[in-house]
Amino acid sequence: MAPEVYIENLSEYVGQEVKIHGWVYNKRSSGKIHFVLVRDGTGILQCVMAKGATPDEVFDKYDVLTQETSLIVSGIVNEDKRAPGGYELHVKDIQIIQIAQDYPITPKEHGVDFLMDHRHLWLRSRRPHAILRIRHRLVKAIRDFFDSKGFVLIDAPILTPAACEGTTTLFETDYFDLGKAYLSQSGQLYVEAAAMAFGKVYCFGPTFRAEKSKTRRHLTEFWMVEPEVAFYELEDIMNLAEEFVEYIVGRVLESSRKEFEILERNIEPLEKIKRPFPRITYNEAVEILRKNGIDFQWGNDFGNTDETVISQQFDKPVIVHHYPAAVKAFYMKRDPNDETYALAFDMLAPEGYGEIIGGSQREDDYDTLLKRIREHNLPVEAFDWYLDLRKYGSVPHSGFGLGVERTLAWICGLDHVRETIPFPRMIYRIKP
RNA sequence: UCCGCGGUAGCUCAAUUGGCAGAGCAGCUGGCUGUUAACCAGCGGGUUGCAGGUUCGAGUCCUGCCCGCGGAGCCA
């Protein structure tokens, strides 16, 4: 009985008969010799059927094979330079499971809209397959980084009673007799509570923003990892962010060569992502913009093109810190030396990708935080528990959030975040 | 929400000044013993996004609407 194996392990079975379970990816023929490309989720294998060498009744099955027909194929593994991937299967038998009719995605060109409508099938194609494998490894690297440093994973709730950051739009839903609930746009307030319990924590999950943004950098549902550390000040958390990004890029680089080739991603820029990263203040960033001919108004937050210009000055991620407090969230601590500035930082990815991290030291003084909540016209009742954290053993603490999809788009060299998540949610797309 | 671009065969696109809607791929038929998005020959395939209007005649011009894409604002 031939062993049932996966294509990624074929090199261990050269000369042996094996059984592959999979789907027809493509086929071509010269009449007396057929080539069927079979994929099984781990790779793509060329299966060869030659008149005379293959039993006639098996050879003739070629005619009914259509793209994405599911089958079990058995044969002898052969090493051959002419085969894509270097190995091929000399077919002895084919068992057809189901014949696929009119598979809509052909090996030719398609538009993004068509492919997104067929995202459930598009996942089978080389490119999305490569991206999502890299996503898997990126997520693993993120978890390994924090786990190896003694952080505790604390999952934040998805349904929340109020906005974490007052301004952005929230998805709203009815919540029994308690009024409205909102889909979380950040787990941050909850990890702050957890940091006071466990010291070093992180949350990792989906977050939701009902912004009507239609750009290559926005999804309405995206994944964010948010570490929070007690007794960390701004400098400490910037150091952590820097070490973190160096680590996850390195991990993905060493594990995903094959996928980067499929994506035609030049990995040289990624190999330069080593500490230390450049650090500039908001004011220095403004100078850069003005030197590049941008008429930037001091006190504004950076726009998309501003971020691109700043990040293009460096070949590593750049940390911008000490933003004007007025443009930052209510919970960020202000610089005691100059209250104009917040102890906040963003990390902008190189190659024009822009912001992938936003973080800060948090306001830890009760009266100051209460004042900020009122200044931002936020409902104080909703934040009573959050204020409690400043009543019972308040300490300096800091954290940041990293957007997984933006980070992955940068690492893969993609021009849109929609390809970095299996089923993207955008303002005009909820299906499939 | 605002600005710009687009919607033609299953898919990707073409159609000159308003004048017979066309090609490649996919599908079907036939050919080919080493193909690499194979190739060669043939066949079938259309409510030109929707609703009006101008005109002898509209894919093409006008009005309204729908949908998508790119960008701005906001953000990770």
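In the text below, chain A, chain B and the rest are named by the order of the sequence lines, each starting its count at 1.
- For the P atoms, the distance from B:rA14 to B:rU54 is 31 Å, rounded to whole Å.
- Of the P atoms belonging to B:rU47 and B:rG59, the separation is 13 Å, rounded to the nearest Å.
- With hydrogens and angles ignored, no donor-acceptor pair closer than 3.5 Å exists between the side chain of A:Q101 and the base of B:rG27.
- Distance CG (A:N78) to P (B:rG34): 16 Å, rounded to an integer number of Å.
- Note on A:R418: only backbone sugar-phosphate atoms sit closer than 4.0 angstrom, heavy atoms only; bases stay farther off.
- For B:rG34, the base is not stacked against the aromatic ring of A:F35, per a cut-off of 5.5 Å between centres and 30° between planes.
- Annotation: B:rG4 and B:rU12 have their C1' atoms spaced 24 Å apart (nearest Å).
- Taking OG1 of A:T308 as the reference point, atom CZ of A:F302 lies at 12.5 Å (rounded to 0.5 Å).
- Atom P of nucleotide B:rC28 and atom CD of A:Q67 are separated by 12 Å, given to the nearest angstrom.
- Summarising the base pairing, B:rC69 is matched to B:rG4 through a Watson-Crick or G-U wobble pair whose two defining distances lie under 3.5 Å.
- Under the 30°/60° scheme for interplanar angles, the aromatic rings of A:W223 and A:F204 are found to stand perpendicular.
- For A:F330 and A:F383, the gap between ring centers is short of 6.0 Å.
- With P as the reference atom, B:rG18 and B:rC62 are 11 Å apart, rounded to whole Å.
- Atom CD of A:E375 sits in a crowded spot, with more than 12 heavy atoms from other residues, nucleotides or ligands closer than 6.0 Å.
- Of the candidates B:rG70, B:rA37, B:rU35, the closest approach to any side-chain atom of A:N26 belongs to B:rA37.
- Nucleic acid contact class of A:D102 (heavy atoms, under 4.0 Å, all strands): none.
- One can place CG of A:D415 at 8 Å from P of B:rG70, the figure rounded to the nearest angstrom.
- Between the side chain of A:H110 and the base of B:rC11, no donor-acceptor pair under 3.5 Å is found.
- Residue contacts for A:D301: at a heavy-atom cut-off of 4.0 Å it reaches the sugar-phosphate backbone alone, with no base atom in range.
- Look at CG on A:L115: it is 14 Å from C1' on B:rG68, rounded to the nearest Å.
- Between the C1' atom of B:rA76 and the CD1 atom of A:I248 lies a distance of 13 Å, rounded to the nearest Å.
- Between A:W298 and A:Y341, the ring planes lie perpendicular to each other; the angle is over 60°, past the 30° to 60° tilted range.
- Neither OP1 nor OP2 of B:rG73 sits under 4.0 Å from any side-chain N or O of A:H218.
- Rounded to whole Å, atom P of B:rA26 lies 16 Å from atom CD of A:E68.
- A:W385 has its ring centre less than 6.0 Å from the ring centre of A:Y190.
- Across the P atoms, B:rC56 and B:rC39 are found 49 Å apart, a figure rounded to whole Å.
- Using P as the reference atom, B:rA58 and B:rC20 are 12 Å apart when rounded to the nearest Å.
- Separating the CG atom of A:D80 from the C1' atom of B:rG34 is a distance of 8 Å, rounded to the nearest angstrom.
- As a whole-Å value, the separation of A:D113 CG from B:rC66 C1' is 14 Å.
- Note on A:I105: nothing from the nucleic acid sits closer than 4.0 angstrom, heavy atoms only.
- Counting any heavy atom pair closer than 4.0 Å across all strands shown, A:E88 reaches a base atom.
- No engagement by A:P104 is indicated, since no non-hydrogen atom pair under 4.0 Å with the nucleic acid exists.
- Pair assignment for B:rG34: none, as no Watson-Crick or G-U wobble contacts are both less than 3.5 Å.
- Taking the P atoms as reference points, B:rA23 lies 16 Å from B:rU16, given to the whole Å.
- Here A:N304 does not reach the OP1 or OP2 of B:rG73: none of its side-chain N or O atoms lies under 4.0 Å away.
- Judged by atom type and distance alone, A:R429 does not reach the base of B:rC69 through any side-chain donor-acceptor pair under 3.5 Å.
- Remark: A:E12 pairs with no residue by the salt bridge (charged side-chain N to carboxylate O under 4.0 Å, His left out) rule, at least two apart or across chains.
- Residue contacts for A:H118: at a heavy-atom cut-off of 4.0 Å it reaches no nucleic acid atom on any strand shown.
- Note on A:S29: a base of the nucleic acid sits closer than 4.0 angstrom, heavy atoms only.
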